[in-house]
Colleague: 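Mind having a look at this structure? Questions to follow.
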Amino acid sequence: EEFTRKLNLSIKDFAVERIPELRKKVEENTMKFGGRTDRLAKIIEAEFGVDQRKAEFLADQDTGLLVSKYRAAKYKQIGIRDYIWSTSHDIRVRKSHELLDGKKFSFDTGANVSPPNKPARYCNPGEDYRCRCVARPVINLAELAA
């Protein structure tokens, strides 16, 4: 019980106190160094004192999330509101994402990424944990011209 309590506490402390610092490292790595997650994982491992596997997960997850949010913001900025969900089309794609492939969604609402019979969770491609999917923008020239 004591181990679990301390583990939960350390996770909470990391999230509360170190997330802004982690996000800054992710942004710097993505914008200055091209988003190489292997480089970022080594930084996270050394500076945040987490093991290699956790550092790799954090590097992949936060880089993917940053890139996804950046793309969505840029698309919306120029008037693109919808996208077609596109998976990586390989065996690692989870079933719930495979069901979304080729379908149209809005950046504002996202897609339900939950497996069948589970509570709904909505997000856009790249926002779910370890998601490698991308949003292919739907360009409506008539709307953009208006």
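All heavy atoms count here, side chains included; hydrogens, waters and symmetry mates do not.
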Colleague: Less than 4.5 Å apart, any side-chain heavy atom of Asp60 and any of Arg130?
Modeller: yes
Colleague: Is there a side-chain contact (heavy atoms from CB on, under 4.5 Å) between Ile44 and Lys25? Walk through the geometry before answering.
Modeller: CA-CA 8 Å; Ile44 293 170; Lys25 296 286 183 193; 5.6 Å; no
Colleague: Determine whether Leu141 and Ile78 fall in the same hydrophobic cluster, where Ile, Leu, Val, Met, Phe, Trp and Tyr are linked whenever their side-chain heavy atoms lie under 4.5 Å apart.
Modeller: yes
Colleague: Decide, yes or no, whether a salt bridge links Asp108 with Lys76 under the criterion of side-chain N to carboxylate O below 4.0 Å.
Modeller: yes
Colleague: Between Asp38 and Arg36, does any NZ, NE, NH1 or NH2 come within less than 4.0 Å of an OD or OE carboxylate oxygen?
Modeller: yes
Colleague: So, does His89 use its side chain to make a donor-acceptor pair with the main chain of Thr87 at under 3.5 Å?
Modeller: yes
Colleague: Would you name the heavy atoms of Arg121 and Ser114 that are closest together and state the gap between them?
Modeller: N-OG, 2.9 Å
Colleague: Nearest 0.5 Å, please: how far is CG in Asn112 from OG in Ser96?
Modeller: 8.5 Å
Colleague: Looking at every non-hydrogen atom in both residues, tell me the closest pair between Gly126 and Cys131 and how far apart they are.
Modeller: N-SG, 3.3 Å
Colleague: Compute both the distance and the angle, then confirm whether Arg94 meets the cation-pi test with Tyr129: under 6.0 Å from the six-membered ring centre, within 45 degrees of the axis.
Modeller: yes
Colleague: Roughly how far, to the nearest 0.5 Å, is the CD atom of Glu98 from the SG atom of Cys133?
Modeller: 10.0 Å
Colleague: Does the pair Asp90/Arg132 count as a salt bridge with the N-to-O cut at 4.0 Å?
Modeller: yes
Colleague: Grab the two heavy atoms, one from Asp128 and one from Val113, that are nearest each other, plus how far apart they are.
Modeller: OD2-CG2, 3.5 Å
Colleague: Does Phe48 belong to the same Ile/Leu/Val/Met/Phe/Trp/Tyr cluster as Phe57, with side-chain heavy atoms less than 4.5 Å apart forming each link?
Modeller: yes
Colleague: Within this structure, what is the CG-CD1 distance for the pair Leu58 and Ile43, rounded to the nearest 0.5 Å?
Modeller: 13.0 Å
Colleague: Please round to the nearest 0.5 Å and tell me the distance separating atom CD of Glu56 and atom OG1 of Thr37.
Modeller: 8.0 Å
Colleague: Check Leu65, Thr63, Val67 against Val26 for a side-chain contact (heavy atoms from CB on, under 4.5 Å) and give me the one that passes.
Modeller: Thr63
Colleague: How long is the gap from OG on Ser106 to CZ on Arg81, to the nearest 0.5 Å?
Modeller: 8.5 Å
Colleague: Please name the pair of heavy atoms, one in Ser68 and one in Glu127, separated by the smallest distance, quoted to 0.1 Å.
Modeller: OG-CG, 3.5 Å
Colleague: Is there a side-chain contact (heavy atoms from CB on, under 4.5 Å) between Lys103 and Ile84? Walk through the geometry before answering.
Modeller: CA-CA 5 Å; Lys103 294 181 179 163; Ile84 303 296; over 6 Å; no
Colleague: Please work out whether the ring planes of Phe105 and Trp85 are parallel, tilted or perpendicular, with thresholds of 30° and 60°.
Modeller: perpendicular
Colleague: If you measure from CZ on Phe107 to NZ on Lys69, what distance do you get to the nearest 0.5 Å?
Modeller: 10.5 Å
Colleague: Taking all heavy atoms of Ala41 and all of Ala59, pick out the closest pair and write down the distance.
Modeller: N-CB, 3.7 Å
Colleague: Tell me whether the centres of the aromatic rings in Tyr83 and Tyr75 are closer together than 6.0 Å.
Modeller: no
